[in-house]
A.B. asks: 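Okay, here's the structure, questions in a sec.
Sequence lines set the chain letters: A, B, ... in the order given, protein chains first and strands last, and positions in each chain run from 1.
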Amino acid sequence: MRMSQLLLPTEREAPADAQALSHILGVRAGLIRQLGAGLWTWMPAGWRVHQKIEQIIREEMDSIGGQELLMPLIQPRELWKKTGRDQIDEIFSLSDRKGTELVLAMTHEEAVTFHVSQLVRSYRDLPLILYHFQLKGRDEPRPRAGVLRTREFIMKDSYSFDRDEAGLDERYALHIEAYDRIFERSGLEWYRVESDVGVMGGSGAHEYMAPCPAGENEVALAPGYAANVEVASAEPTTAVLPDRLDAPVEQATPGAKTIEQVAALLELDPSALLKSFAVVTDAGETVLAIVRGDHRVNEFKLRAALGQNFRPATDEEITDQIGPAGFIGPVGVEITVLLDDAVAGTEGGWVTGANSADAHLRGVEPGRDFEFTAADIRSVEAGDVVGGNPIRLEAAIEVGNIFKLGTRYSEPLGATFLDEDGAERPIVMGSYGIGPARIAAAAIEQNADEKGIAWPKAIAPWSVELVALGKVGSAEVAAAETLYGELRELGLEVLFDDRDAGPGEKFADAEMLGCPLRITLGKRSLESGVLEVQGRRGLVELDPIPLGPDSAELIRATLAQLP
RNA sequence: CGGGGCGUGGCGCAGCCUGGUAGCGCACCUGCUUUGGGAGCAGGGGGUCGGAGGUUCGAAUCCUCUCGCCCCGACCA
């Protein structure tokens, strides 16, 4: 590609509203442009990156027997009513001129299951893996960070269809293999972590996480362990508890409502306190969830423990049913108490709210002083231990997920088959997503420096940027033209900077765009007989390449050494 | 949905408080010079100041409403 003909809108300054590195550099390097909130155009260079990522995904999906098709973005709302997902807040709704209600698909479970329900009749038709690359529409409450969270984005989503759970396990394992290879080939640093299966149920789920500062998720990592903090479990650090007492003793704590205030007032470590969090379940029951003072309630785990969704209780409800807000605790209350495992297994004199104003209780013991059900309902903290090793927490972008759906969609949509015995059974499904745009964003975040992007070779918009210095029509530019032709002959993807511009501008643009290898050919090259070679990653000067008939071949060999 | 911020040429910004000819840098166009780290000189083009209404002799500036965008939080099947 000749740069003189390329629409590559680079910018010297960052857009004023950009925060995330991938957002700033994506715009500055001319890869993406914004059309509206969460609506992004991929400019030619950026689209090349996207397509390269798609191609890697396509090859790996095909290698596990996936079949590519394409399903519509616009879908009848009726279909979504059948699975109940038409009630989701994030769904984009529209209607046509006849008044037919339509939605923009957020994912394609409904569509693919609809087709499979019509087309698959027998166990002989299974298993099946179908996938496509298609836009998703999501009315996100808060789009952010460039292409990281948008209202419209392309996803590779695949769906597996099996006769039973064992078949699903096989298809799931195949996807793990394919996904591992996809992220490895993309050149990302990544983790496969255990993830929340959500209210919808499902028998298993993993997420692929790419650590980077702009990430919206947190992963808990230890040698041999990786999980989303939403579901991570670990052994807690030891609580610093005062001695046991024979019975709880009331202690005046005027005005001290927070853990910090109470701990400071009583000169105790926050871990000696019990934090009481009142919630109301969808069924209308008020439940007191209790964790250690230095721990935080994990809403995903709490939801799992309750078996249903919940909301925090209002101050009125707390005052009404438990005690004055800020001074509540489990002793003497009539409601269900869910006690975190980190507390349930210990002995000592805990401190908790006395359910009367300006007072706490010391020397409280679970079991002796209040009844409870134990559950793991806290979020892990850095320093907690898994398998003898302390965990650390890292911000990450979710770049892919795999999910065992079971019969969540096949049952409401009537996707069944006849087994060998002639019995009709629901198809067992899995769904598997990857966001190519997020892979691109993660690659930018993980490999950027002060000069710009440093793409992994596999997804760089071009492998080589050939920078010609000198006036248009000069001998050096003529030599660069020749070399450009030779590189293309070899099948290399070359961006040829043939613009009538100064060297500073060309070098700066090359380093911003971040092709793995930069070849410079100027007057100096003609005099010395060698090309200058720079590896973008780390901005390293590589061995010069003699200018001559073998230049292109040597450049290809040099490129092969790069990451 | 709660909190905060911002809308002035393609990008980044000043002007607004205290109403009076819309400005700066970069980018762009023409010519000449220049070509190894974002060039120099000269000339030039481009903006209903997000939109609507109001106050006023006069509004980018003051008032009201509204739309859009960003950030933090909530949310994220």
A.B. asks: Round to a whole Å and report the spacing from CZ of A:F153 to P of B:C76.
C.D. replies: 15 Å
A.B. asks: Salt-bridged, A:R138 to A:E152, with N to O below 4.0 Å?
C.D. replies: no
A.B. asks: For RNA chain B, which residues in residues 128-145 of chain A have a heavy atom at a distance below 4.0 Å?
C.D. replies: A:P141, A:R142, A:P143, A:R144, A:A145
A.B. asks: Which base, if any, makes a Watson-Crick or G-U wobble pair with B:G43, both distances under 3.5 Å?
C.D. replies: B:C29
A.B. asks: Between B:A77 atom P and A:I91 atom CD1, what is the distance in whole Å?
C.D. replies: 13 Å
A.B. asks: Could you work out which one of B:G37, B:C11, B:G38 sits closest to the side chain of A:E505?
C.D. replies: B:G38
A.B. asks: From CD of A:E299 over to C1' of B:A74, roughly how many Å is that when rounded to an integer?
C.D. replies: 9 Å
A.B. asks: Base, sugar-phosphate, or nothing for A:S525, non-hydrogen atoms under 4.0 angstrom?
C.D. replies: base
A.B. asks: Can you check the A:L469 CG to B:G38 P distance for me, whole Å?
C.D. replies: 12 Å
A.B. asks: Checking base pairs now: Watson-Crick or wobble, both atom distances under 3.5 Å. What partners B:G23?
C.D. replies: B:C13
A.B. asks: Could you identify the nucleotide paired to B:G37, looking across every strand shown and requiring Watson-Crick or G-U wobble geometry with both distances under 3.5 Å?
C.D. replies: none
A.B. asks: Checking all strands, does A:P9 fall into the base, sugar-phosphate, or nothing category for heavy-atom contacts under 4.0 angstrom?
C.D. replies: nothing
A.B. asks: Could you pull out all residues at least two apart from A:P44 that satisfy side-chain contact (heavy atoms from CB on, under 4.5 Å)?
C.D. replies: A:L6, A:L7
A.B. asks: Roughly how far apart, to the nearest Å, are B:U48 and B:G25 at atom C1'?
C.D. replies: 25 Å
A.B. asks: For nucleotides B:U64 and B:G20, find the distance between their C1' atoms and express it as a whole number of Å.
C.D. replies: 24 Å
A.B. asks: Suppose we call a contact any N or O donor and acceptor under 3.5 Å apart; does that hold for the side chain of A:E511 and the base of B:G38?
C.D. replies: no
A.B. asks: Is the closest side-chain donor-acceptor distance between A:Y409 and A:R85 under 3.5 Å?
C.D. replies: yes
A.B. asks: What about A:R518: does its side chain form a donor-acceptor pair under 3.5 Å with the base of B:G37?
C.D. replies: yes
A.B. asks: Under the side-chain hydrogen bond (donor to acceptor under 3.5 Å, both in side chains) test against A:Y172, which residue among A:H206, A:E165, A:K404 passes?
C.D. replies: A:H206
A.B. asks: With a 4.0 Å cut-off on heavy atoms, is A:Q34 in touch with a base, just the backbone sugar-phosphate, or nothing at all?
C.D. replies: sugar-phosphate
A.B. asks: Can you list the residues that meet the side chain to side chain donor-acceptor pair (under 3.5 Å) rule with A:K136, with sequence neighbours excluded?
C.D. replies: A:H108, A:D157
A.B. asks: Please tell me which of A:G84 and A:G522 maps to the more 5' nucleotide of RNA chain B, matching each residue to the nucleotide holding its nearest heavy atom.
C.D. replies: A:G522
A.B. asks: What nucleotide among B:U35, B:A27, B:C69 has an atom nearest to a side-chain atom of A:A37?
C.D. replies: B:C69
A.B. asks: Under a 3.5 Å cut-off for both distances, is B:G68 Watson-Crick or wobble paired, and to whom?
C.D. replies: B:C6
A.B. asks: Does the side chain of A:S158 pick up a donor-acceptor pair with the side chain of A:K156 at under 3.5 Å?
C.D. replies: yes
A.B. asks: Measure from CZ on A:R12 to P on B:G37 and round the result to the nearest Å.
C.D. replies: 14 Å
A.B. asks: Rounded to whole Å, please give me the gap between CG in A:D500 and P in B:U33.
C.D. replies: 13 Å
A.B. asks: If the C1' atom of B:G38 is compared with that of B:G43, how far apart are they to the nearest Å?
C.D. replies: 23 Å
A.B. asks: Expressed in angstrom and rounded to an integer, what is the separation of A:M155 atom CE from B:C76 atom P?
C.D. replies: 16 Å
A.B. asks: Output yes when A:E78 and A:K82 qualify as a salt bridge under the 4.0 Å nitrogen-oxygen rule, no when they do not.
C.D. replies: no
A.B. asks: Please compare A:K451 and A:E90 by the position of their nearest nucleotide in RNA chain B and report the one closer to 5'.
C.D. replies: A:K451
A.B. asks: For atom C1', what is the distance between B:G68 and B:U21, given to the nearest Å?
C.D. replies: 30 Å
A.B. asks: When rounded to the nearest Å, what value does the distance between P atoms of B:G37 and B:G31 take?
C.D. replies: 26 Å
A.B. asks: Salt-bridge test for A:K506 and A:D500: reply yes if a basic N is under 4.0 Å from a carboxylate O, no otherwise.
C.D. replies: no
A.B. asks: Which of the following nucleotides, B:C76, B:G25, B:G37, is nearest to the side chain of A:E13?
C.D. replies: B:G25
A.B. asks: Taking the minimum atom-to-atom distance to the side chain of A:F507, which one of B:G37, B:C26, B:G12 wins?
C.D. replies: B:G37
A.B. asks: What I want to find out is whether A:E109 reaches A:R408 closely enough, with some N-O distance under 4.0 Å, to be called a salt bridge.
C.D. replies: no
A.B. asks: Look at the side chain of A:A508 and decide which nucleotide, out of B:A77, B:C26, B:G37, has an atom nearest to it.
C.D. replies: B:G37
A.B. asks: In whole angstrom, give me the gap between the C1' atoms of B:C75 and B:C28.
C.D. replies: 44 Å
A.B. asks: Can you tell me the Watson-Crick or wobble partner of B:G73, both distances under 3.5 angstrom?
C.D. replies: B:C1
A.B. asks: In whole angstrom, give me the gap between the P atoms of B:C57 and B:G3.
C.D. replies: 38 Å
A.B. asks: Suppose we define a pair by two distances each less than 3.5 Å, Watson-Crick or G-U wobble; what does B:C49 pair with here?
C.D. replies: none
A.B. asks: With rounding to the closest Å, how many angstrom separate the P atoms on B:U66 and B:C1?
C.D. replies: 13 Å
A.B. asks: Name the nucleic acid region contacted by A:A18, choosing base, sugar-phosphate or nothing; use a 4.0 angstrom heavy-atom cut-off, strictly under.
C.D. replies: nothing
A.B. asks: Applying the Watson-Crick and G-U wobble criteria at under 3.5 Å, what pairs with B:C62? Answer none if nothing qualifies.
C.D. replies: B:G54
A.B. asks: Counting only side-chain nitrogens and oxygens, does A:Q19 get under 4.0 Å of the OP1 or OP2 atom of B:C72?
C.D. replies: no
A.B. asks: In this structure, how many angstroms lie between the C1' atom of B:U34 and the CD atom of A:E476, rounded?
C.D. replies: 14 Å
A.B. asks: I'd like to know if A:D449 pairs up with A:R537 as an ion pair, taking the criterion as any Lys NZ or Arg NE/NH1/NH2 lying under 4.0 Å from an Asp or Glu carboxylate oxygen.
C.D. replies: no
